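A short write-up of the structure that comes next.
In what follows, every chain begins at residue 1, and chains take the letters A, B, ... in the order their sequences are listed. Because the structure is a prediction, the values reported are computed rather than measured.
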Amino acid sequence: MENTPAANFLQTIVAQDLAQGRVAQVVTRFPPEPNGYLHIGHAKSISVNFGLAETFGGRCNLRFDDTNPEKESQEFIEAIQQDVRWLGYTWDGEVRFASAYFQQLYNWAVYLVEQGHAYVCDLTAEQAREYRGTLTEPGSNSPFRDRPVQENLDLLAGMKAGDFDEGEKVLRAKIDMAAPNMNLRDPILYRIRKVSHHQTGNDWVIYPTYDFAHGQEDAIEAVTHSICTLEFEDHRPLYDWFIEHLPLTSRPHQYEFGGLNLSYTITSKRKLKQLVDEGVVSGWDDPRMPTVSGMRRRGYTPAAIRKFCDMIGTTRGEGVVDVAMLEFAIREDLNENAPRAMCVLDPLKLVLTDYPQGQVEELTVPAHPSREELGQRIVPFTRELYIDRDDFREAANKKYKRLVLGKRVRLRNGYVIEADEVVKDDQDNILAVHAHTIPNTVGNDPEDGIKPKGVIHWVSATEGVQATVRVYDRLFNQESPGVGDGDFMKQINPESLHVVEQAWIEPSLARAVPEQNFQFEREGYFVADRYDYNAEKPVFNKTIGLRDTWNN
RNA sequence: UGGGGCGUCGCCAAGCGGCAAGGCACUGGGUUUUGAUCCCAGCAUUCGCAGGUUCGAAUCCUGCCGCCCCAGCCA
């Protein structure tokens, strides 16, 4: 398919601004708050912001919007940077911090007070809520609204100096308590928080709110297009209000797009944090998490994630994207690029009674069925093998294309064999299958013209290596976890992780590198675990199964 | 019942007055030493609904209906 996707609405805006000379170069920014790990929804935002800069030859900053020290930490700052880099993006210059602008922001607050546009308010949080009115009723003015400028200046200085307790006073903009847009009802600019900040230590006891900080941060960095999600749309008039009332030299504009919702997935930092805190998953980078680091560990590739973001488009709609699209994106990438190998997850012993004991035939097989340049690998073939329990039946109908007693099957890249007898214990459990090879069938069809109906994968029981394979499934059973009736914590899929300790892998897989992706033929895509894999104890994570159109 | 948004195939999404792109999913068929990949074909006489304007409307107008966001000293 010729990929010339139509321009999305943001690209249209930027192209126009550039064409009309409104801006000389597009400058965007990705502004996470360091209070959690990045998830797939952030990946879309990253793709939108960095992508816009990339497309139009501009720049994109990485800026930590760290105005609320209580929830933030250095750990998140580091993880976020690593994730952005891993996704393949390079931010312009150094990492930025909102906290680096605290003094400037404070100076602007003083300016607003001097201009009569802001005042110190003594209302408690509860009182402020009452004065704010409701969605349908206007609010009423705070009794402190008309304090003289000098008094406000003194009080603000006192707030900064630590003269007051948390919650005792706030600085508010003087706008309009009757505004239909709640954000304009004298919004809070500064609140007192006597906690140390991960970047500024104990320099400050007052911290600016998002509304008072974000637009000005953009202006300081000369951001031209400040892109955020739909829920901030109501904040735009306030964003503009600050920019118009402050002595700024740069004029950023805010644009909103619909954030990503994914079926069977949670994209809420708060809820993801709960999964981590309550031990439902092993951490933010658990392979079942929709975090960037979780997907990385699961075996997703940056290319697949970026492709996915391109596929879903950027609009002002807020729908739910089918997780099948994400799965398509990773399968597409891995099908093209992952080397093939064989791994038996549920071993059943297969003895080739006509094959010499102790003989090892080193089969040279391609690493990829259609990409010769990916090279070859050696797979040892021996008398005793393992095949998957699911690939053998004593009897079956013609739809079953695997090994059946008295019938033939092709051992992938090896011989065609014919099953002769089944060995059982006294409980009727199948212990092993005895079979014999059809001569001269490596690379050839049987000379008698009787072709096998199917192909199954296998690993030498004597030359193969044992491995641990972690088989993952979706974390939630509900298509929209937590909506409607549901508590998302009660919709967790109990089968989301199945650890296979006794899998058998072909020897070449014991020489993999952490984070190397493979297709285990007929099973799916797997990755050598980023942390736990080593040659002595190989550990693989299942990324995603092969597409399976065989319903039975 | 205040304000701000959004409604095109099961999902995502083009389209912006000239007669419904594309992708995912799904369904047939072909190739195949992965029931994978690949290939080919099918899949909205209709654009939330109802009126109106026009030779002509998903696109313009009017009125309804539905869904989402906002009453944190979170972002």
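One C1' atom belongs to B:rG72, the other to B:rG66, and the distance between them is 29 Å to the nearest Å. For the P atoms, the distance linking B:rU8 with B:rG48 amounts to 6 Å, nearest Å. The same atom, C1', is picked in B:rU62 and in B:rU54; the two are 16 Å apart, to the nearest Å. B:rC24 and B:rG17: their P atoms are spaced 30 Å apart (whole Å). To the nearest whole angstrom, the two C1' atoms, one in B:rA50 and one in B:rG42, are 34 Å apart. Atom C1' of B:rG30 sits at a distance of 16 Å from the matching atom of B:rA36, rounded to the whole Å. Separation of the P atoms belonging to B:rC11 and B:rC67 is 16 Å when rounded to the nearest angstrom. To the nearest whole angstrom, the two C1' atoms, one in B:rC60 and one in B:rG18, are 14 Å apart.
B:rC6 atom C1' lies 12 Å from atom CZ of A:F9, rounded to whole Å. Per the geometry, CZ belonging to A:F257 stands 15 Å off C1' belonging to B:rG5, to the nearest Å. When the P atom of B:rC24 is taken as reference, atom CD1 of A:I544 falls 15 Å away, rounded to whole Å. Counting to the nearest Å, the C1' atom of B:rG10 and the CD atom of A:E479 are 10 Å from each other. Here B:rG2 presents its C1' atom at 10 Å from CD of A:E137, a figure rounded to the nearest Å. We find that CZ of A:F308 is positioned 16 Å from P of B:rC11, with the value rounded to whole Å. Note: CD1 (A:I312) to C1' (B:rA25) measures 16 Å, nearest angstrom.
For A:R316 and B:rC6, the shortest distance from a side-chain N or O to OP1 or OP2 is below 4.0 Å.
Between the side chain of A:R306 and the main chain of A:K44, no donor-acceptor pair closer than 3.5 Å is present.
For A:P446 against A:R408, the heavy-atom pair with the smallest separation is CB-NH1, 3.4 Å.
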Show each protein N/O and nucleotides 34-37 of chain B N/O combination with a separation under 3.5 Å, one pair to a line.
residue : atom : partner : partner atom : Å
B:rU34  : O2   : A:Q519  : OE1          : 2.6
B:rU34  : O2   : A:R522  : N            : 3.1
B:rU34  : N3   : A:Q519  : OE1          : 2.5
B:rU34  : O4   : A:R340  : NH1          : 2.4
B:rG35  : N7   : A:R402  : NE           : 3.4
B:rG35  : N7   : A:R402  : NH2          : 3.2
B:rG35  : O6   : A:K401  : N            : 3.4
B:rG35  : O6   : A:R402  : NE           : 3.0
B:rG35  : N1   : A:K399  : O            : 2.9
B:rG35  : N1   : A:W550  : NE1          : 2.8
B:rG35  : N2   : A:K399  : O            : 2.8
B:rG35  : N2   : A:W550  : NE1          : 3.1
B:rG35  : N3   : A:W550  : NE1          : 3.4
B:rA36  : OP1  : A:T549  : OG1          : 2.6
B:rU37  : OP1  : A:R547  : NH1          : 3.2
B:rU37  : OP2  : A:R547  : NH1          : 3.1
B:rU37  : O2'  : A:N335  : ND2          : 2.8

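Across all strands shown, B:rA58 forms no Watson-Crick or G-U wobble pair with both distances under 3.5 Å. As the counterpart of B:rC49, B:rG63 is assigned, both hydrogen-bonding distances of the Watson-Crick or G-U wobble pattern falling under 3.5 Å. With both pairing distances under 3.5 Å, B:rG2 is matched to B:rC70 as a Watson-Crick or G-U wobble pair. Pairing partner, B:rA44: none, since no Watson-Crick or wobble contact has both distances short of 3.5 Å. Remark: B:rG10 base-pairs with B:rC24. Criterion, Watson-Crick or G-U wobble with two distances under 3.5 Å. Across all strands shown, nothing is found opposite B:rC16 as a Watson-Crick or G-U wobble partner with both distances under 3.5 Å.
Looking at heavy-atom distances under 4.0 Å, A:T441 makes contact with a base. Nucleic acid contact class of A:M325 (heavy atoms, under 4.0 Å, all strands): base. Residue A:V416 is classed as having no contact, given no heavy-atom separation below 4.0 Å to the nucleic acid. Across all strands, A:V442 comes closer than 4.0 Å to base atoms (heavy-atom distances).
Under the 4.0 Å criterion applied to side-chain N and carboxylate O atoms, A:K269 and A:E33 are not assigned as salt-bridge partners. Salt-bridge annotation for A:D333 and A:K307: absent, with no side-chain N of the basic residue lying under 4.0 Å from a carboxylate O of the acidic one. Ion pairing between a basic and an acidic side chain is recognised when a charged N comes within 4.0 Å of a carboxylate O; A:R96 and A:E221 show no such pairing. Between A:R522 and A:D391 there is a salt bridge, with a side-chain nitrogen of the basic residue lying less than 4.0 Å from a carboxylate oxygen of the acidic one. Classification of A:R377 and A:E506 as a salt-bridged pair holds, one side-chain N sitting under 4.0 Å from a carboxylate O. Between A:E126 and A:R129 there is no salt bridge, since no side-chain nitrogen of the basic residue lies less than 4.0 Å from a carboxylate oxygen of the acidic one.
Inter-residue side-chain proximity for A:I417 and A:L411 is flagged as met; some heavy-atom pair is nearer than 4.5 Å.
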Each nucleotide in nucleotides 67-75 of chain B should get exactly one letter: B, S or -. Can you fill that in based on protein heavy atoms under 4.0 Å? -SBBBSBSB
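Note: A:F64 and A:F97 meet the aromatic proximity criterion, with ring centroids under 6.0 Å apart. Checked against the 6.0 Å centroid threshold, A:Y190 and A:Y207 do not count as a close aromatic pair. When ring centroids are compared, A:F232 and A:H214 stay outside the 6.0 Å threshold.
Annotated as syn: B:rG72, whose O4'-C1'-N torsion sits within 90° of 0.
Each of A:G414 and A:A324 was matched to the nucleotide of RNA chain B holding its nearest heavy atom; the match closer to the 5' end belongs to A:A324.
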